[in-house]
Amino acid sequence: MTFLITCPNCGPREALEFSFGGETTRRASPSATDRELAAALYFRRNVNGWQTEWWVHQSGCRAWFLAERHTTTNEIRRTYRPQDRPRDEEQEAAPA
Amino acid sequence: MSERLPARQGEAIRRDRRIRFRLERRTIAAFEGDTVGSALAAAGVTITGRSFKYHRPRGLSCMTGSCPNCLMQIDGIPNVRACTEPAREGMRVERQNAWPSADRDIHGWLNTFSFMMPPGFYYKIFQHPHWAWPLVEPYIRSKAGLGRVPQEPDHRRRRRINLHPDVLVIGAGAAGLAATAEAAKAGASVVLLDQGREAGGHLLGEASSTLRSALAREALGSRARFLAETAAFGVFGGGLIGASGPDALYRIRAQHVIFATGAVEGSAVFPGNDLPGVMLSSAVHLLLHRYGVLPGRRAVVLTGDNVGYSTAWALKDAGAEVTVVDLRSDGGWPEGFPVFAGATILSAHGRRRVSAVSVGTVGATSGQKVSCDLVVNACVQTPSTNLLAQAGARLVFDETLQAFLPDEMPDRMWAVGAVAGARSPEASVAQGRLAGLEAAAGSGHPVDAASIAALRSEAARSGDPIVLPPEASAASGKQFACVCMDVTAKELTTAAAEGFDSMELLKRYTTITMGPCQGKACMASSQRLCGAITGRSFAETSPTTSRPPWVPVEMGTLAGARLTPRKETTMHDRHVAAGAEFMWAGDWRRPHHYTTPEAEVAAVRNRVGLIDVSTLGTFRIKGPESVELLERLYPNRFSDLAVGRVRYGVMLNDEGVILDDGAVVRLADDEFFVTVTTGNTAALERWITWWNADWGLDALILNVTGAYGAVNLAGPRARDVMTSLTDADVSGSAMPYMTATRMAVADVPSLVLRIGFVGETGYEIHFPSAYGEHLWDAVMGAGRSHGIVAFGLEAQRILRLEKQHILVGQDTDAESDPYEAGLGWMVKDDKEDFLGLRSLRDLKERGPLERLVGFTAPERWLPPEGASVVREGAWVGRVTSARRSEAVGGVVGLAWVPAEWAADGSTFEIQFGGSHTIGTVRIDPFYDPRGERLRS
Ligand code: FES
Ligand SMILES: [Zn+2]
């Protein structure tokens with residue numbers, strides 16, 4: 001992969017320093033139906049466009065953060081720490 | 001050494017520093033600052049190699065590293081461009097592709113038999129009869145190719161460097177230097193690259209060095225970073241630019257890119273245009289002004305605009321006799337030389353060097369003979385647009401300059417200088433300054449709008465129309481369109497007649513533009529030839545698709561340094577001294593055994609053993625919500641774990657699949673110590689920190705693997721050894737099984753866990769890793785009278801298998817859930833939530849389909865891991881671990897079998913590679929089934 005990612009802690013670095021955590025998803029609740037469970041575990045939006053996703057600065061500060069990346073151009077318009085997530089996304093969880 | 005011209009300002013050579021190197025059997029004298037090529041020219045060596053196909057003699061042509069003529073084997077490295085390679089004392093230089101020597105190459109006969117080698121000859125000629133090809137092929141192969149591949153491993157250290165400046169400037173000629181100066185002055189971070197050792201580009205060949213030194217001072221005196229001898233070779237996805245420098249690969253991603261890549265000269269196409277002594281004007285300027293070498297005494301200069309006259313003047317000033325052949329017929333050329341107006345060079349003559357040219361009007365087959373020892377092409381300038389094209393610029397034909405020039409540039413990219421059609425240093429400088437200011441403004445630095453406006457007018461393209469030489473000469477003889485691959489104009493005509501009539505097809509069929517120069521020297525002339533053959537104008541042809549690499553890159557540079565990470569614990573040297581055989585465990589080197597695994601197993605079972613377990617992943621988790629974090633990460637319960645107690649835990653993903661297992665110690669109300677499997681540490685760190693980040697819990701996770709060392713002391717006499725190492729009470733009542741205590745062990749502050757992976761009384765001692773050797777020695781010393789032995793990984797595997805302790809990843813896979821793996825007792829599914837809870841509900845309801853069970857089998861055959869479990873001829877399961885056990889007497893192992901056959905005492909067949917045996921299920925551990933020894 002060839003682009004820069006701005007770590008909220010360390011600044012702009014090569015994408016090679018990071019590991020990808022996939023698009024943000026919502027975990028199934030303990031009372032979820034089978035359909036909801038399957039959707040949470042195995043289905044992704046896989047958007048062609050802007051996507052909020054997890055990255056970890058593996059070869060740097062080793063912290064997880066969120067990035068808004070365009071999946072076709074690899075442009076990243078925003079990165080931020082999980083505690084700075086907008087409220088409505090608070091329930092979004094990492095995929096398994 | 002033949003004479004050099006008088007010294008002049010700005011020259012590259014240091015006349016007070018003499019060096020010598022070897023050219024085959026000759027000694028060549030040179031000055032420091034010479035390139036191999038300039039030293040050879042000064043020494044009168046005109047043949048620098050033999051051509052690829054016909055073994056024709058070739059000499060220096062461009063002096064800028066843009067043609068194939070001077071490729072040499074230097075200090076064992078093939079295909080080094082001698083004209084730009086610095087001459088060094090004692091270096092060994094050999095000319096390539098020639099035997100016995102470039103001066104008298106016996107394969108020159110190929111030249112005579114060239115009619116046998118039409119374009120695509122290797123597709124045609126030697127294919128019939130079929131039996132002949134295997135005989136001919138080795139010979140052809142030995143004749144083809146360039147240089148010899150070095151046989152020794154390459155030990156140079158190669159680095160890979162990532163840069164991301166505000167502005168990247170490619171090319172340190174007039175335009176690039178000016179751009180750098182402006183952008184850096186405005187405050188932008190700038191990286192400037194150039195292939196050459198020195199900044200200056202075309203200015204290096206100028207008689208006066210004033211402008212060059214002023215620009216260089218301005219640009220390089222700034223905060224800009226100048227990478228000399230570093231060539232950008234390609235533009236890749238996302239704007240990544242690759243560049244190769246001395247033993248380094250640069251990966252550059254800049255906010256703004258300024259391409260100041262200049263132009264390369266091309267040769268007119270006429271018979272003999274490849275003879276030594278036929279040069280491009282760049283070579284003449286550089287030889288004269290940088291190296292003090294007069295490349296010929298009687299020169300003929302071919303030009304189509306006034307720029308060529310500067311070359312003529314430079315030669316004349318240096319004492320040569322000069323004749324100009326001007327392609328233009330409409331007068332206006334400067335006085336001072338005999339001039340053939342409206343004429344061209346029809347052909348060049350000579351055997352090992354040019355001795356005369358025929359001059360006449362375009363289209364004539366013969367003309368006037370002019371004797372000479374130097375022919376200068378000052379007539380074709382090809383803008384180096386390859387990187388621009390790769391970056392997505394649109395190229396459009398310019399009628400005035402007779403060249404393809406960038407028209408629309410992608411966002412935040414500029415083309416400046418000769419590549420953008422500038423024909424004077426002044427225009428280049430103005431274009432460079434303008435782009436530099438715009439790039440700086442784009443990266444948020446304040447710039448003066450008025451100076452931008454002023455530069456705009458200066459930067460405009462201007463100049464008289466250029467007249468190019470004819471596509472080919474009407475005179476007879478071999479005229480080369482591409483000197484790299486030895487493709488002649490006639491061969492192109494033949495290929496076009498066969499139907500390969502577009503540039504892309506011609507390229508693939510004749511290999512034109514595919515040689516070492518990558519089309520630098522020949523793209524324009526072959527485009528024009530192709531157009532002429534197929535009745536199209538230059539403007540109607542188009543260059544072939546530009547692909548990286550634009551300049552040659554050494555394989556080693558791309559491969560980078562060879563790195564094999566290898567971790568050793570702080571006790572490693574002790575293991576080496578004890579004669580351990582090592583094995584890989586992830587990136588770690590761990591002792592497999594010291595003596596024999598069997599002897600080590602017996603010692604642990606009967607006396608006491610010590611194993612280095614520093615490679616275990618260890619984490620400290622601290623904070624008010626660390627309990628909450630563990631409660632959500634594990635199916636186990638931890639809220640009721642008392643301080644000082646240890647609990648075995650298993651981690652699941654949300655599918656309910658086992659990820660890892662290990663010990664969890666409560667150190668304090670708000671602090672835990674967690675161990676994970678060696679090879680899983682990095683992945684588990686990501687896993688735990690990820691969920692913590694997502695849940696936003698107030699807990700801090702610290703990976704202390706490596707910061708702590710650890711040993712496991714185990715065996716019936718472990719307590720005796722322990723007692724002599726510490727003042728703490730380590731008795732079974734004070735420190736029972738599954739507890740942890742902080743204590744000094746051999747004076748080292750340690751955390752000691754009473755756990756027993758191997759099934760004996762055990763103490764797992766975690767301590768600051770710097771004390772590794774001290775602690776190892778102390779424990780081995782204290783254990784000597786008890787018969788202590790060091791044991792390795794293999795003994796530990798046998799010992800744990802006798803206890804049916806599973807290894808995650810070995811005995812489990814991506815489908816193993818805790819119920820099927822026999823770990824269901826850990827799942828507290830009455831907890832509010834944890835990873836895997838929802839999935840486990842379904843799995844529990846469904847009931848296990850398979851079970852991981854222990855089995856015993858007869859001694860005689862040890863099934864390998866992965867052996868099949870078979871019932872009534874059908875595959876129903878697999879063996880995951882198996883070892884011979886002395887304690888049990890026979891083979892013991894673990895296997896996945898269908899749940900209905902998992903009852904104690906049921907039997908199944910195990911097969912592998914024609915051998916088979918019978919396994920008998922054993923639900924309880926084979927050794928010490930009640931765990932009395934473990935707990936004692
Ligand atoms: S003379 Fe060296 S590359 Fe052209
Ligand atoms: Zn970081």
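None of the values given here were measured: they were computed from a predicted structure. Residue numbers begin at 1 in each chain, while the letters A, B, ... track the order of the sequences.
- Annotation: side chain of A:Leu37 is in contact with side chain of B:Ser839 (closest heavy-atom distance under 4.5 Å).
- Atom-to-atom distance recorded for A:Leu66:CG and B:Asp694:CG is 8.0 Å, nearest 0.5 angstrom.
- The local environment of NZ in B:Lys831 is crowded, with over 12 non-hydrogen atoms from other residues, nucleotides or ligands closer than 6.0 Å.
- Across every non-hydrogen atom of B:Glu655 and A:Tyr42, the tightest pair is OE2-OH, 2.6 Å.
- Note on ring orientation: taking the six-membered ring where Trp is involved, the planes of A:Trp54 and B:Trp690 are perpendicular (angle over 60°, cut-offs 30° and 60°).
- Using a 4.5 Å cut-off between heavy atoms, A:Ser29 contacts chain B through its backbone alone, with no side-chain atom that close.
- In this structure, CG on A:Asn74 lies 12.0 Å from CG on B:Leu240, to the nearest 0.5 angstrom.
- B:Asn703 is listed as a side-chain neighbour of A:Arg62, based on a closest heavy-atom distance under 4.5 Å.
- Heavy atoms of B:Asn692 lying under 4.5 Å from chain A are absent altogether.
- Atom CZ of A:Arg35 has 12 or fewer heavy atoms from other residues, nucleotides or ligands within 6.0 Å.
- Side-chain contact between B:Arg838 and A:Asp34: present, with at least one pair of heavy atoms (C-beta onward) separated by less than 4.5 Å.
- Distance check, rounded to the nearest 0.5 Å: CG of A:Leu4 to CD of B:Gln255 gives 7.5 Å.
- Nearest approach of B:Phe834 to A:Arg27, heavy atoms of both residues: O-NH2, 3.2 Å.
- For a residue to count as touching a neighbouring chain, one of its non-hydrogen atoms must lie under 4.5 Å from one of that chain's; by this rule B:Leu835 touches chain A with backbone and side chain alike.
- Distance check, rounded to the nearest 0.5 Å: CZ of B:Arg686 to CH2 of A:Trp64 gives 7.0 Å.
- Residues A:Pro82 and B:Ala693 approach most closely at CB-O, 3.5 Å, considering heavy atoms.
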